[in-house]
Each structure stands twice: as structure tokens, then as C-alpha cells.
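The next block holds one structure in the form of C-alpha cells; read it before the comments.
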Amino acid sequence: MKRILNYIIVCAVGSVSLSSCAVGKKYQRPDLATPETYRTTAALTGDTVMLPWRAFFKDQQLVTLINQALEKNKDVAVAMLNMEQLELSFKQAKLGLLPTLDLSVGASRIYQSKNSLNGSLSQQFVGSSYLDDYSATLSLSWEADIWGKAKMQKDAARANYFMQRENLSALKTRIIAQVAQAYYNLLALDEQLKVAERNIVLSDSTLRMIQLQYQAGQVNSLGVEQAVAQKKTAQLLVPLAKQNIAIQENALSILCGDYPKNIARNFAFKTTDIGEVFPDGVPAKLLSRRPDLKAAEYAVVSANANTGLAKAAMYPSLSITPSIGANSYQFSNWFDLPGSLVKNIGGNLAQPVFRKKELRTNYEIAKLEQQKSAEQFRQAMMLAVGEVSDALVRSSHANERMVLVDEKQASLNKAVKNALLLYRSGMATYLEVIVAQNNALQNELDVISLQKEKADAKIDLYRALGGGVE
């Protein structure tokens, strides 16, 4: 037994020394060739790396909805279960260098033919027509990690685990952005409903005034019909807005992991409830912010380890299989040691010789997979920089348009008041009044759409810069 242990120790030491012959290449980050600045830049106001979403969104109703979505969203739940699976795989991969130990206990009874040699001998020496066999064996199997396969398996499992963790963070960041955009879309729809209701009241007032003038013979029926049509235009917006509100509430409820229901919200649409985010002008720093880019890089790390494993499969493997146990043909003597003791040790050196180029093909495929992962990483980086640039452009031009549309709104409101005054004094036609009201109504809706666009641009920029799940 002592010799067996010495043999195992010698083989273990030898395999450790041979493990320096690992065939896998050390991971090197692909050259991303990122630009120095974004296409559109903005003044830096502070460090925005991983800005917490609770600090970015200030509307308490929205904060409550985001919390609910992060806790109950089904996509997040599935992603967390996937991460638990990969964590178990990672823990298993860390045990790759350990041997396996199996215990086998068995008993059998064989009835031999009386006319056979074994049967006649059994009857002569054992005194029975059958032969019992009792065995208990403890078997150990260990493969020497000559080419560093255990390390590469661990590297691949670790990369897959961290990739899933970053994918989970990316998913949560996307859920946060989707909930915020859906919430502000709901507020915009509320504002559209308010605008429609205000214009119904205004159109009704104009209609009554024109009807009085019609009864007095000052205008013809065409003026009345035009005023009625103007009122209907405003009334048509009400059921449309209510329909869109219900649909948006349903979608937001499901996003938050609940069945469709009414959504509690702040009925004041203020983009000031959203924080300001500015990039620092260096796209390469997206790597430290965006979880999807981190996940893309972990995919390259995993592919690099898999390439090494595919190459190691073409090299010889050394395994050692010692075993020890007790064996007897009588139950009473089964564990009568050392008489029943059985010892065995085996070593196996296996070298693939002819596999119809299967191993070589697997290696070439693994190298191509690694190259694909690297290209996907570069593409993800390009898309990330593009998303930041797009959000910057939308945010910048939305601010410019907001100034102009506010000035236009002030002029149109003044035009409506002046048109009504002039109409009452007979210095303007009913058609001029209706046109002024139509223009004011459309501009109010444009203001709401632009406010929503500005909110979306801020949220997109926040997400594109990496956001902050915590």
C-alpha cells in the first residue's frame, strides 16, 4: 500500500511540473480602435460613472415602479436563474484538479453447470452447487492536468458566469429605461387629454358665440358648421388619448411584473424630474460603465479558453486509477483482513491517433468562434458609441426646438385671444378664429411630443452611458 501511495505522489508531482506546458494562449483584449471623442460633445458637469438610478429619477411614483419592475419582472427572474446555473458550473469547474472517488459494494451468486469444470470444482471444494462472490471496492481516478485543461475550464466557466452577471445588469438597466420611458409616455398622454378637454371648452365657447351671431343674421350657416367641426376635432382627441393611456398602463403593468391595472402617477409632466447626464468625451471609458460591453468581452475570454481546450484535446492524456477493497466467496470472511484485501493500480496514457480530423476541425471551429466573439465585441463597442452620439444629438436639438416651440406657443395663444376680440368687434372672420384655435391646438400637442422626446433622449443617454443598477 505504501508503494501505491508513493507511486501516486510521484505521478502527481510529475503532472504539476508538466502543467507548465499549457497549450492555451493567454487572453489579450482585441484592438477596439475607439475614437478619442464622441461625434457630439457636451460640457462635463461631474463624474457620471454608474450614476445610481434613484439619484437620476426624482419622481417618487416612478421610483416605486422601477423598484417593482426590478423585483418582479419575469425577464429579470429568468436571468437570475440563469446566473445561478452558471455559478454552480463555475464552482464545479474549480474542482477540476481533484480526483474522483467511488465506492462499489456488490454480492452475487452463480449457479454453475454440474457438467462443467467450474461446477464440478465448486461442488468438490465448496460443497454447494453455487458460488457466492462478495466485493467492496474503493476506486480512485485522477487525470493529470498536463496541458492546463482544468485551468482553461475554470477560466471559461468564470467568464461565462461574469458574462451572465453583466447581462443581468444590462437587462436591469434596460428595464429601468423602459419603465421610465413608459411612465413619461403615460404623463404625455395625460397632458394630451388635458389639452383636448381644454380645447373642447374653448371650441364650445366659440360655437355658442357663432350660433348667437347666426341667429342674429350676422353670419351664415357655414360659420356654424365650421365651428362644430372644430369642436369635433378636439373631441376626437379624447377617446384616442384614453385608449392610448389604457394600452400604455397595460404595457407598463406587465413590464413591472403585474397584470394590467391602473398606474398611480404624478399628473404633472416635468422633464426636470430627470437628472442631467453628460459624457466625459472618451468613448473608451464606456468599457468601465456599460455592462453589455463587459459581457461582450467576457464572451471573448470564454471563447479563448474554449480554443485552448479544443487544442488540448489533440494531445495525450495521463490518468491514474488505483483501487482497494475486500473480496470473498463467503460472507463471514468478507472483511477478514488482510486475507480478503484486494489492491489494484493502473495508469493510462491515451493519445488520439485517427479521428477523421474531428479534433483538428473542432480546434479550427473554436478559433473561428473566438474571432467571431472578438468581432462582436468590436461591433458592440461601435454601437455603444453610436448610441451615446445619437442620444447627445437628440438631447441637444430637442433643447433648441423646445425654445422655439415655447416662443411659438406664446404667439399662438396671443393670436387666439386677438382673433376672438377682433371677431367680437367684427374685424375678423370666424374662419380666422378657427384657424388660430387649430394652430394653437396642434402646437400644444407638439409641445407635449417634444417634451416626451426630450425625456426619452435623457433616458437614452443615461442608459447608453451605462446607467446604474444599484
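The residues of the chain are indexed from 1 along the displayed sequence.
- Nearest heavy atoms, Val238 versus Leu193: CG1-CD1, 3.8 Å.
- Open room surrounds CE on Met382; 12 or fewer heavy atoms of other groups in view lie less than 6.0 Å from it.
- There is no side-chain donor-acceptor pair under 3.5 Å between Ser135 and Asn327.
- Here the closest non-hydrogen pair linking Val63 and Phe57 is CG2-O, 3.6 Å.
- For the pair Asp132 and Gln330, the minimum side-chain heavy-atom distance is 4.5 Å or more.
- Salt-bridge check for Glu297 with Lys294: failed, with every basic side-chain N at 4.0 Å or more from each acidic carboxylate O.
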Stepwise side chain to side chain contact (heavy atoms under 4.5 Å, CB included) check, Val342 with Ile324: CA-CA 6 Å; Val342 177; Ile324 187 171; over 6 Å; no

Full working for side chain to side chain contact (heavy atoms under 4.5 Å, CB included) between Asn67 and Arg54: CA-CA 10 Å; Asn67 270 323; Arg54 291 180 181 84; 3.1 Å; yes

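- Taking the ring axis of Phe90 as reference, the NZ or CZ atom of Arg158 does not stay both within 45° of it and closer than 6.0 Å to the ring centre.
- Leu236 approaches Pro239 most closely through the heavy-atom pair O-CD, 3.4 Å.
- With respect to the salt-bridge test (charged N to carboxylate O, under 4.0 angstrom), the residues Arg378 and Glu375 qualify.
- The only option from Lys242, Arg265, Lys452 that meets the salt bridge (Lys or Arg N to Asp or Glu O under 4.0 Å) definition with Asp190 turns out to be Arg265.
- One side chain, Asp446 or Gln442, offers a donor N or O that lies under 3.5 Å from an acceptor on the other.
- Using a 4.5 Å cut-off on side-chain heavy atoms (C-beta onward), Asp292 and Asn167 make no contact.
- Crowding of Tyr315 atom OH: a count of heavy atoms from other residues, nucleotides or ligands under 6.0 Å not exceeding 12.
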Evaluation steps, side chain to side chain contact (heavy atoms under 4.5 Å, CB included), between Glu249 and Leu186: CA-CA 7 Å; Glu249 284 184 324; Leu186 199 54; 3.8 Å; yes

Worked verdict on Val105 versus Leu103 for side chain to side chain contact (heavy atoms under 4.5 Å, CB included): CA-CA 7 Å; Val105 179; Leu103 174 63; 4.2 Å; yes

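- Of the charged side-chain nitrogens involved, none lies within less than 4.0 Å of a carboxylate oxygen, so that Glu87 and Arg165 do not count as a salt-bridged pair.
- In terms of heavy-atom proximity, Met163 sits nearest to Ala299 at SD-CB, 3.5 Å.
- Taken from CD1 in Ile345 to OG in Ser323, the straight-line distance is 9.0 Å, to the nearest 0.5 Å.
- Nearest heavy atom pair, residue Gln164 against residue Ala79, reads NE2-O, 3.2 Å.
- Between Asp155 and Lys151 a salt bridge is recorded (basic side-chain N to carboxylate O distance below 4.0 Å).
- With rounding to the nearest 0.5 angstrom, the OG atom of Ser449 is 11.5 Å from the CD atom of Glu191.
- Between Trp142 and Leu140, the closest side-chain pair of non-hydrogen atoms falls below 4.5 Å.
- For the atom pair CD (Glu143) and CG (Asn348), the distance works out to 9.5 Å, reported to the nearest 0.5 Å.
- To the nearest 0.5 angstrom, Gln178 atom CD is 13.0 Å from Asn185 atom CG.
- Of the possible donor and acceptor atoms, none in the side chain of Asp336 sits under 3.5 Å from a partner among the backbone N and O of Ser340.
- Contact between Trp147 and Ala312 at its shortest, heavy atoms only, is CB-CB, 4.1 Å.
- With contacts defined as side-chain heavy-atom distances shorter than 4.5 Å, the pair Trp53/Leu62 does not qualify.
- Between Phe331 and Tyr134, the ring planes are perpendicular. Angles over 60° get that label, and only those under 30° would be called parallel.
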Step-by-step salt bridge (charged side-chain N to carboxylate O under 4.0 Å, His left out) determination, Lys372 to Glu369: CA-CA 5 Å; Lys372 284 166 54 179; Glu369 287 292 337; 3.2 Å; yes

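- Paired with Glu453 under the rule salt bridge (Lys or Arg N to Asp or Glu O under 4.0 Å), one option of Lys458, Arg394, Arg401 passes, and it is Arg401.
- Side-chain atoms of Asp460 and Gln181 include a donor-acceptor pair closer than 3.5 Å.
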From CA spacing to verdict: side chain to side chain donor-acceptor pair (under 3.5 Å), Asp59, Tyr183: CA-CA 10 Å; Asp59 189 312; Tyr183 179 79; 3.0 Å; yes

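- Between Arg290 and Glu166 there is no salt bridge, since none of the side-chain N atoms of the basic residue sits less than 4.0 Å from a carboxylate O of the acidic one.
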